[in-house]
Amino acid sequence: ASSEEFRRIREPRTVAEVRQWLPAGTAFVDFLEYDHGTPNAEQKGKTDWERRYIVFVVRPDQESAMIGLGSAGAIADAISAFRRPFQSGQNTSENRESASVAANQLRRDLWLPIEAHLEGIDTVIISPDTTLGTLPFAALPGKGDGSYLLEDHRIAMIPMAGQLRELFERNSDTPANNGLLVLGDVDYDAAPGAPESATQSPLPLLADAGTRRDAGQLRAGHAHQWNS
């Protein structure tokens, strides 16, 4: 069953399908890395090849847009510089300065061409390709000084377009799974499979009562939302 579900998710999807799955105020941003060929200006019959990115912006209320983003290598280098200060032993003033420059480059070259098609959009669902899967899009610079992209849009990431159907269940024959897993008052020192009586701490943590109460409120709120 799981293999069948995986094959279904990987099936090629049309733009029309994606548009009908998207709720109002939501855009799907699908990246693709590809080989771009350009005739060599000096040698007739020779083609120069370069890895590039292209992106498709799909929203339910407008025609889709296809945008060329240029060299995949340049974007990969910028992503590497942007991430470097967060790596072990790399949080130096030089690397932080380089990361700031790279962040602005990524906003200019990668995000601004997309943002031009996001007017009125609250939620952006991103399907990255290759190196873009390592980029924390939400942490890119936002519209305001010192702001982040997460302050402009709700950002979500999915591996492929086929998962949109499972997310929104617009035309699915399978009812939505409205279950909720809630954890609270967890005893992390308990042995696996130990009975509850053996896992009670004689000195409860201060957080226990709060997490127990919060978990109960979450369960009650979830039941009210889906059962009403």
Side-chain angles (χ1 to χ4, degrees), residues 6 9-10 18 22 25-38 40 47-59 64-164 166-167 183 186 188 207:
F6 181 69
I9 290 175
R10 293 200 57 176
V18 173
L22 292 173
T26 302
F28 177 58
V29 175
D30 194 12
F31 289 94
L32 175 68
E33 183 177 341
Y34 71 103
D35 288 310
H36 182 84
T38 304
N40 188 287
T47 301
D48 296 324
W49 294 96
E50 180 187 35
R51 297 293 288 176
R52 292 190 180 185
Y53 279 117
I54 194 170
V55 63
F56 302 88
V57 181
V58 184
R59 46 188 296 171
S64 304
M66 182 177 68
I67 310 163
L69 298 174
S71 169
I75 291 175
D77 290 342
I79 292 174
S80 178
F82 180 56
R83 290 167 48 90
R84 190 167 295 120
F86 302 99
Q87 299 170 0
S88 177
Q90 298 297 315
N91 189 19
T92 65
S93 58
E94 181 180 356
N95 284 343
R96 289 195 298 271
E97 183 177 348
S98 297
S100 178
V101 172
N104 290 323
Q105 176 188 340
L106 289 167
R107 173 168 176 80
R108 181 189 68 239
D109 298 340
L110 184 66
W111 188 254
L112 285 184
I114 298 170
E115 192 174 78
H117 300 272
L118 298 180
E119 184 177 355
I121 293 296
D122 298 318
T123 302
V124 181
I125 302 174
I126 298 172
S127 180
D129 194 20
T130 59
T131 309
L132 291 175
T134 67
L135 174 63
F137 281 86
L140 290 177
K143 295 179 181 178
D145 292 339
S147 68
Y148 297 95
L149 190 60
L150 187 60
E151 300 175 64
D152 299 333
H153 303 281
R154 291 190 291 267
I155 305 293
M157 310 283 284
I158 62 173
M160 57 194 75
Q163 289 188 300
L164 289 171
E166 279 63 40
L167 282 175
L183 296 178
V186 178
Y188 293 100

Quick one: closest heavy-atom pair of Pro159 and Ser127, and the distance? O-OG, 3.0 Å

Would Glu50 and Thr38 count as a side-chain contact (heavy atoms from CB on, under 4.5 Å) here? Give the steps. CA-CA 8 Å; Glu50 180 187 35; Thr38 304; over 6 Å; no

Please report the interatomic distance CD(Gln87) to OG(Ser80), rounded to the nearest 0.5 Å. 6.5 Å

Backbone N or O of Asn95 within a donor-acceptor pair of the Ser98 side chain at under 3.5 Å? no

Can you tell me how far apart CG (Leu132) and CD1 (Ile126) are? Round to the nearest 0.5 Å. 9.0 Å

In terms of heavy-atom contacts, does CD of Glu97 have more than 12 from other residues, nucleotides or ligands at under 6.0 Å? no

Of the non-hydrogen atoms in Pro128 and Met157, which two are nearest, and what is the gap between them? CG-CE, 3.8 Å

I need the Leu140 CG to Glu115 CD distance, nearest 0.5 Å. 10.5 Å

Which heavy atom in Ala139 sits nearest to a heavy atom in Phe82, and how many Å separate them? O-CZ, 3.8 Å

Within the side chain of Arg51, is there an N or O that forms a donor-acceptor pair under 3.5 Å with the backbone of Ser71? no

With heavy-atom distances below 4.5 Å as the criterion, would you say the side chains of His153 and Thr123 are in contact? no

I'd like to check Leu110 versus Leu69 (side-chain heavy atoms, cut-off strictly below 4.5 Å). Are they in contact? yes

Quick check for you: to the nearest 0.5 Å, what is the distance between Asp122 atom CG and Asp152 atom CG? 11.0 Å

Compare all side-chain heavy atoms of Arg84 with those of Arg96 and state whether any distance is below 4.5 angstrom. no

Is a salt bridge present between Lys143 and Glu151, judged by a nitrogen-to-oxygen distance below 4.0 Å? no

side-chain contact (heavy atoms from CB on, under 4.5 Å) between Leu22 and Val58, worked out: CA-CA 9 Å; Leu22 292 173; Val58 184; 4.2 Å; yes

With ring centroids as reference points, do Phe137 and Tyr148 lie under 6.0 angstrom apart? no

Working note: Thr130 + Tyr53, criterion side chain to side chain donor-acceptor pair (under 3.5 Å); need CA distance, chi angles, decisive distance, verdict. CA-CA 10 Å; Thr130 59; Tyr53 279 117; 2.7 Å; yes

Nearest non-hydrogen partners of Leu118 and Ala27, listed with the distance: CD2-CB, 3.7 Å

Sidechain-backbone polar pair: Arg52 side chain, Gly70 backbone, donor-acceptor under 3.5 Å: no

How about Leu32 and Val55: do any of their side-chain heavy atoms sit closer than 4.5 Å? no

Hey, does Thr26 have a side-chain heavy atom less than 4.5 Å from the side chain of Val124? no

Side-chain (Arg59) to main-chain (Gly120) donor-acceptor, under 3.5 angstrom: no

Any Phe31 side-chain heavy atom under 4.5 Å of Thr131 side chain: no

Verdict with supporting geometry, Val57 and Met66, side-chain contact (heavy atoms from CB on, under 4.5 Å): CA-CA 7 Å; Val57 181; Met66 182 177 68; over 6 Å; no

Give me the atom names and distance for the closest heavy-atom approach of Asn91 to Pro85. CB-O, 3.4 Å

Are Ile125 and Val29 close enough that some pair of their side-chain heavy atoms sits under 4.5 Å apart? no

Taking every heavy atom of Ala102 against every heavy atom of Ala81, the minimum-distance pair comes out as CB-CB, 3.8 Å

Validation row: Ile158, Phe28 side chains within 4.5 angstrom (heavy atoms): yes

side-chain contact (heavy atoms from CB on, under 4.5 Å) evaluation trace for Asp30 with Asp129: CA-CA 8 Å; Asp30 194 12; Asp129 194 20; over 6 Å; no

About how many Å separate CZ of Arg107 and CD of Gln105, when rounded to the nearest 0.5 Å? 14.0 Å

Flag if over 12 foreign heavy atoms under 6.0 Å of OH, Tyr34: yes

